[in-house]
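Residue numbering restarts at 1 for every chain, and letters A, B, ... go by the order of the sequence lines.
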Amino acid sequence: MSVKHFTNSAEFDSAIQTAPVAMVDFWATWCGPCKMLAPTIEKIGESYGGKALIAKVDVDQCQDLAARFGIMSIPTVVFFQNGKEVGRRVGVQPPAAFTGALDQLL
Amino acid sequence: MSYDILVIGGGPAGLSAALNARARGKSVLVVSNDLEDNPLWKSELVDNYPGLPGVTGAELLKALEDHAARAGAEIRRGKVLNTAYDGESWYVSIGADVEDAKALILAAGIVRGKKFPGEEALLGVGVSYCATCDGGLYRGKDVAVIGYDAESRREADFLEEIGCRVRFFQSPAQVEIQGQGKVSGVTVNGEELAVDAVFLLRPSMVPTDLFPEVETQGSYVKVDRSMATNLPGLFAAGDCTGGPLQVAKATGEGLIAGQKAAAYVDALTRKKG
């Protein structure tokens, strides 16, 4: 399993509601720090993809989602449990910051 | 492209580090502000740099940069905003670009002045250090751009182009950012404005903002005799490691950092293979 790319909010909502644990990276093509985080998210997708939903949302493509989650700086990574937000991390962080949060939820 | 060594800061320490890393045959990228933004640029007389009596700060900076460039160091104007280490390489974001290197040399000088009231608490929820990173989130909204270097004006123009309503302030003395959970306004030199975002563009980042896990002593980066920090492959040189804040000390430390970073890269290459 790798990283799921959501392109609209309907797709996002149905997937998030059914996933016990999800991690979503809000990013944009023009954002340097987002590009830097991309390989980390890919690696987490490979290692955690079987256990959790690892996904990305392009904030330009899904402006409604960015507004709904109050994304004010990117990259922002939001964690969900049973469809509800349970935490978020703003900015580029080491892989362990994300895997640690996932391990706590799983 | 991958580099052996990436140098953050194009002042005397960074340029000396680049020169000496090139002398060891390493590929080097120096990320630097415009030379005019270096505080040394305005120095009319540097009278204690050995062998060059009467030289001005601007002459010295230009000569140092020419020397490093002639030695083959690549020099890029820009600002490093984020770094990450994946266990093998360092990744560095420069505006909207990302570069990677085996070793980093932090030679970004010192940040003058304290953070503003509200800055730390509202960072990431309206306070941003990077117009090209977060600007797109504030299209059609009111933003304040508070700039302390030559590039700030261009960043403000960029925000205007992508559709933000921009108020630009050049080097104001008093700034206070307001908001609960997110930015709602800013007071600049007594003038109150309602804004959704405040972009603070300073010539240099605080070392712990770039490297949250780096060990410090007071506001300075802690280094050993080989200019190594506590983080793997991260060296530091110049004003950011402490006083005296003088050019000769900076170039000397840059030399050590450049050589030791080159040795670190060699050791890494040997280990791999």
Side-chain angles (χ1 to χ4, degrees), chain A residues 3 9 23-48 54 56-79 85 87-102, chain B residues 31 78-101 122-141 143 158-159 161-163 179 181-184 195-200 205 209-213 231-232:
Chain A
V3 178
S9 56
M23 180 183 110
V24 182
D25 171 26
F26 289 82
W27 70 290
T29 49
W30 36 260
C31 155
C34 300
K35 281 184 212 162
M36 198 158 83
L37 192 61
T40 300
I41 302 293
E42 287 296 327
K43 274 185 201 163
I44 294 173
E46 281 162 26
S47 48
Y48 283 79
I54 309 297
K56 293 177 78 150
V57 168
D58 180 334
V59 296
D60 282 334
Q61 212 169 32
C62 306
Q63 290 181 16
D64 53 337
L65 286 176
R68 195 204 300 171
F69 290 100
I71 304 299
M72 285 180 279
S73 179
I74 51 175
T76 291
V77 173
V78 184
F79 296 89
E85 176 177 342
R88 62 172 64 192
R89 293 191 169 263
V90 179
V92 175
Q93 312 216 355
F98 303 108
T99 54
L102 281 173
Chain B
V31 183
K79 208 175 296 177
V80 171
L81 295 158
N82 266 295
T83 65
Y85 181 66
D86 73 352
E88 277 178 29
S89 294
W90 281 95
Y91 294 83
V92 169
S93 75
I94 308 155
D97 298 323
V98 177
E99 300 292 354
D100 65 279
L122 295 164
L123 181 64
V125 286
V127 172
S128 172
Y129 298 140
C130 177
T132 50
C133 307
D134 294 333
L137 299 171
Y138 298 95
R139 290 188 178 110
K141 298 194 170 159
V143 308
F158 162 79
L159 288 171
E161 276 163 30
I162 64 169
K182 63 176 189 159
V183 167
S184 57
V195 293
D196 294 298
V198 177
F199 291 91
L200 293 173
M205 296 274 289
D209 283 344
L210 277 182
F211 302 96
E213 286 158 337
L231 301 180

Which atoms of B:V127 approach chain A - backbone, side chain, both or neither, heavy atom under 4.5 Å: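 Contact with chain A is absent: no heavy atom of B:V127 under 4.5 Å.
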Per-residue contact mode, B:L137 against chain A (heavy atom under 4.5 angstrom):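 Both parts, backbone and side chain.
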Option from B:V125, B:L122, B:V183 for which side chain to side chain contact (heavy atoms under 4.5 Å, CB included) with A:M72 holds: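 Among the candidates, only B:V125 passes.
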A:A38: side-chain contact (heavy atoms from CB on, under 4.5 Å) partners, not counting sequence neighbours: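 side-chain contact (heavy atoms from CB on, under 4.5 Å) list for A:A38, sorted by chain: A:K56.
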Under 3.5 Å, which donor-acceptor pairs link chain A to chain B? Give each pair on its own line with the distance.
| from | atom 1 | to | atom 2 | distance (Å) |
| --- | --- | --- | --- | --- |
| A:K35 | NZ | B:A96 | O | 2.7 |
| A:D60 | OD1 | B:R139 | NH1 | 3.2 |
| A:M72 | O | B:Y138 | OH | 2.7 |
| A:S73 | OG | B:D134 | OD2 | 3.2 |
| A:I74 | N | B:D134 | OD1 | 3.1 |

Per-residue contact mode, A:V92 against chain B (heavy atom under 4.5 angstrom):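 Both backbone and side chain.
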